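All values derive from a computational prediction rather than experimental measurement.
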Amino acid sequence: MIKNNKQLALTRKRIEEFSGAIEKLQAEEPRFSPLLAKAQIDALICQRDELVQQAEEYEHLLSGDLVVFDVNSLADLPKALIMARISTGLTQKDLAERLGMKEQQIQRYENTEYNSASFKTLVSIVEALDLKITEDVFLPKESREQNILLSKLSDAGLDKTFIEKRIAPRDVMPFDYGLWVQKTVEKLSSVFGWTKEQLLGDAPLVIGRDGSMVARFKMSVGANEVYTSAYTQYAYSIANIVANNCSLDRKAIPQEHNVVRESILETYGEITFESILFYVTSLGTPVISLNDSGAFHGATWRIQGRNVIVLKQKSRHTSKWMFDLLHELYHASQSPEQEEFSVVELSETSDERRNDQEEIDANNFAAKVLLGENAESYIEECFKNANGKIAWLKGSVTQVAEKYQLDCGVLAYQVANRLDATSKKTGNKVNWWGAAHNLQTSTCEPNILCFEKLLSHINIERLNTENRELIEQISAE
């Protein structure tokens, strides 16, 4: 937050520097992939826009148009006092003179948002600014609408961070309350079907139960059902946009692991995340990557005959992405006669997933595509060499991977899966996922690769504004 004219001048100078750097990068030939170059420029634009927002907020306060300020709690009072001082046209020196203090003391107070000031001092500042504080300090109507909207969305499972990252308009400053609310409501309506009256009214929001998004697997114990339901509807909406605007030719998906493995090797020469991604999309199945926490682990939807796979990973380890993508491909190959179906995945460690036969089959399918026909024997050899000692298992996995020239990360995850299954039967719970995680490597940026590939088979310029922004915002960190 800008607190004086000197800070405003410095901020304007930084805005000019960012603008210059952005113009220079836009004029240069990218030194790496166009998507990464765009990401670098977008990051600079984001930083510049944040400074522009701060400058405009300060200038808006100087105009004196805002005469009432919202504070949701006492913790917000110090910032409101600073804003009120600026809005009344007082400098830090002016306020210091009214209080009989030095200007530097007011600067220190405001730099820490009155963190070191006593309650008595805060009362003195309220009096010096000639403010009237009531139970509620109201901002203009539009900001109250924004607060109401964010509060209702939070109750429906969609917190402020998610809304700002995935839904809110990118070209509107947060304090431009009226336009921000209008555009956010429009995008929420396209995703969840809520009307403006429902979003801003008194009644709680209810997530629709779209038949195409309902999971086959029941919710795990302790899961946040409200957030999971809301996020699943969001993910399904993204999948629906992609399914209806995809240029890929649809082809039958082989159900035999050996056919898939041989096809990938014959076409691309090796089994990597990139080759698997290209193979899956060559079958007419677009892949969407999301990196939000919680809700579900992955999903496969068939929408009007088009399979769409959603991978939900925060990890950069490619072996995990490879396994998950092939696991979802197996689901996509099932019931080819159905025009519509859904599989929404829970965590790989949930009992609901580990005990479901189709999940077991999907895991075996993925393992055999990645490790070959002898996948089971490789896993058995890892346990045999460890001689029943969990502490030896990490070294054993490494040795077997080197012996047969396998991806160590992939093999480690299969060993962890086997330990999970064995633990369930014996009741002697062993969690080896941490050790498996330590054996992973990163050979590319899977999330960026997925997004880049997705854009290559969607004409994003033909989408309406709401849908285009929803697609573009799925890559936001």
Side-chain angles (χ1 to χ4, degrees), residues 166-167 186-193 207-217 228-255 276-292 295-313 321 324-345 358 362 446-447 449-476:
R166 304 292 181 217
I167 303 293
E186 288 172 357
K187 290 175 75 175
L188 287 166
S189 296
S190 70
V191 174
F192 298 98
I207 300 293
R209 298 299 297 173
D210 191 308
S212 299
M213 70 163 227
V214 178
R216 289 186 191 173
F217 310 112
T228 299
S229 181
Y231 190 88
T232 303
Q233 178 67 62
Y234 160 76
Y236 173 73
S237 297
I238 297 294
N240 193 51
I241 295 170
V242 170
N244 287 296
N245 295 278
C246 183
S247 62
L248 296 170
D249 294 329
R250 286 180 285 180
K251 299 177 183 177
I253 301 175
Q255 297 184 349
I276 295 171
L277 176 64
F278 282 25
Y279 172 74
V280 171
T281 53
S282 75
L283 298 174
T285 301
V287 179
I288 302 167
S289 62
L290 300 174
N291 61 2
D292 301 296
F296 60 83
H297 183 73
T300 298
W301 278 290
R302 187 172 301 152
I303 303 169
Q304 297 179 17
R306 167 82 68 185
N307 290 307
V308 180
I309 289 174
V310 175
L311 298 181
K312 199 156 168 296
Q313 272 288 352
W321 286 76
D324 285 355
L325 180 50
L326 288 168
H327 180 104
E328 296 302 328
L329 181 66
Y330 177 85
H331 287 310
S333 73
Q334 302 302 295
S335 306
E337 74 286 353
Q338 294 182 14
E339 282 289 298
E340 306 272 338
F341 82 88
S342 68
V343 178
V344 181
E345 308 273 21
E358 185 173 330
N447 192 51
L449 190 60
C450 281
F451 185 63
E452 198 171 39
K453 189 65 176 172
L454 182 67
L455 293 184
S456 72
H457 47 256
I458 293 179
N459 190 338
I460 201 164
E461 298 303 323
R462 290 187 179 181
L463 301 179
N464 62 36
T465 301
E466 290 81 15
N467 287 346
R468 183 175 67 252
E469 288 194 356
L470 283 167
I471 294 297
E472 291 174 344
Q473 285 173 265
I474 66 177
S475 65

*Once you round to the nearest 0.5 Å, how far does OH of Tyr279 lie from OG1 of Thr285?*
9.5 Å
_Value rounded to 0.5 Å, distance of CD1 in Ile458 from CG in Asn245_ = 6.5 Å
*Minimum heavy-atom separation for Pro286 to Thr281, with atom names?*
CA-CG2, 4.5 Å
*Measure the spacing between CD of Gln334 and CG of Leu329 and express it to the nearest 0.5 Å.*
10.0 Å
*Heavy-atom neighbours of Asp249 CG exceed 12 at 6.0 Å*: no
*Report yes if some heavy atom in the side chain of Ile288 is under 4.5 Å from a heavy atom in the side chain of Ile309; otherwise report no.*
no
*Please report the shortest heavy-atom distance between Leu283 and Pro254, naming the atom on each side.*
CD1-CD, 4.2 Å
*About how many Å separate CH2 of Trp321 and CD1 of Ile276, when rounded to the nearest 0.5 Å?*
13.0 Å
*Take Ile474 and Tyr234 through the test side-chain contact (heavy atoms from CB on, under 4.5 Å) and record every step on the way to the result.*
CA-CA 11 Å; Ile474 66 177; Tyr234 160 76; 3.6 Å; yes
*Using a 4.5 Å cut-off on heavy atoms from C-beta on, say whether the side chain of Val287 contacts that of Leu277.*
yes
*Which of these, Glu328, Arg250, Arg302, sits in a side chain to side chain contact (heavy atoms under 4.5 Å, CB included) with Asn307?*
Arg302
*Which pair of non-hydrogen atoms, one from Ile460 and one from Ile471, has the smallest distance, and what is that distance?*
CD1-CG2, 3.9 Å
_Just verifying a value: how many Å separate Ser189 OG and Glu466 CD, rounded to the nearest 0.5 Å?_
9.0 Å
*Give a yes or no on whether the backbone of His457 and the side-chain of Ser247 come within a donor-acceptor separation of less than 3.5 Å.*
yes
*Is a side-chain N or O of Asn244 found less than 3.5 angstrom from the main chain of Asn240, in a donor-acceptor match?*
yes
*Separation between OG of Ser335 and CZ of Phe341, rounded to the nearest 0.5 Å*: 6.5 Å
*Is it true that a side-chain atom of Arg306 and a backbone atom of Gly284 form a donor plus acceptor pair closer than 3.5 Å?*
yes
_Going by the rule side-chain contact (heavy atoms from CB on, under 4.5 Å), which residues pair with Gln473 if we only count those two or more places apart in sequence or in a different chain?_
Arg170, Lys187, Glu469
*For Asn447 and Gln313, does a side-chain donor sit closer than 3.5 Å to a side-chain acceptor?*
no
*asked:* Go through it in stages, so that I can follow the logic: the residues are Leu454 and Val242, the test is side-chain contact (heavy atoms from CB on, under 4.5 Å), and I'd like the CA-CA distance, side-chain angles, deciding distance and then a yes or no.
replied: CA-CA 9 Å; Leu454 182 67; Val242 170; 3.9 Å; yes
*Looking at Asp292 and Arg166, does any basic side-chain N land under 4.0 Å from a carboxylate oxygen?*
yes
*Considering non-hydrogen atoms only, spot the tightest contact between Phe192 and Ala230 and give its length.*
CE2-O, 3.4 Å
*Kindly give the heavy-atom pair with the smallest separation between Gln255 and Pro336, and that separation in Å.*
NE2-CD, 4.1 Å
*Taking C-beta and beyond as the side chain, do Gln233 and Ser237 meet within less than 4.5 Å on heavy atoms?*
yes
*Taking all non-hydrogen atoms of both residues into account, name the closest pair between Tyr330 and Ser333 and its distance.*
O-OG, 2.6 Å
_Can you tell me which residue among Leu463, Val191, Thr465 is in a side chain to side chain contact (heavy atoms under 4.5 Å, CB included) with Leu470?_
Val191
*Please walk me through it: do Phe296 and Val310 pass side-chain contact (heavy atoms from CB on, under 4.5 Å)?*
CA-CA 10 Å; Phe296 60 83; Val310 175; 4.2 Å; yes
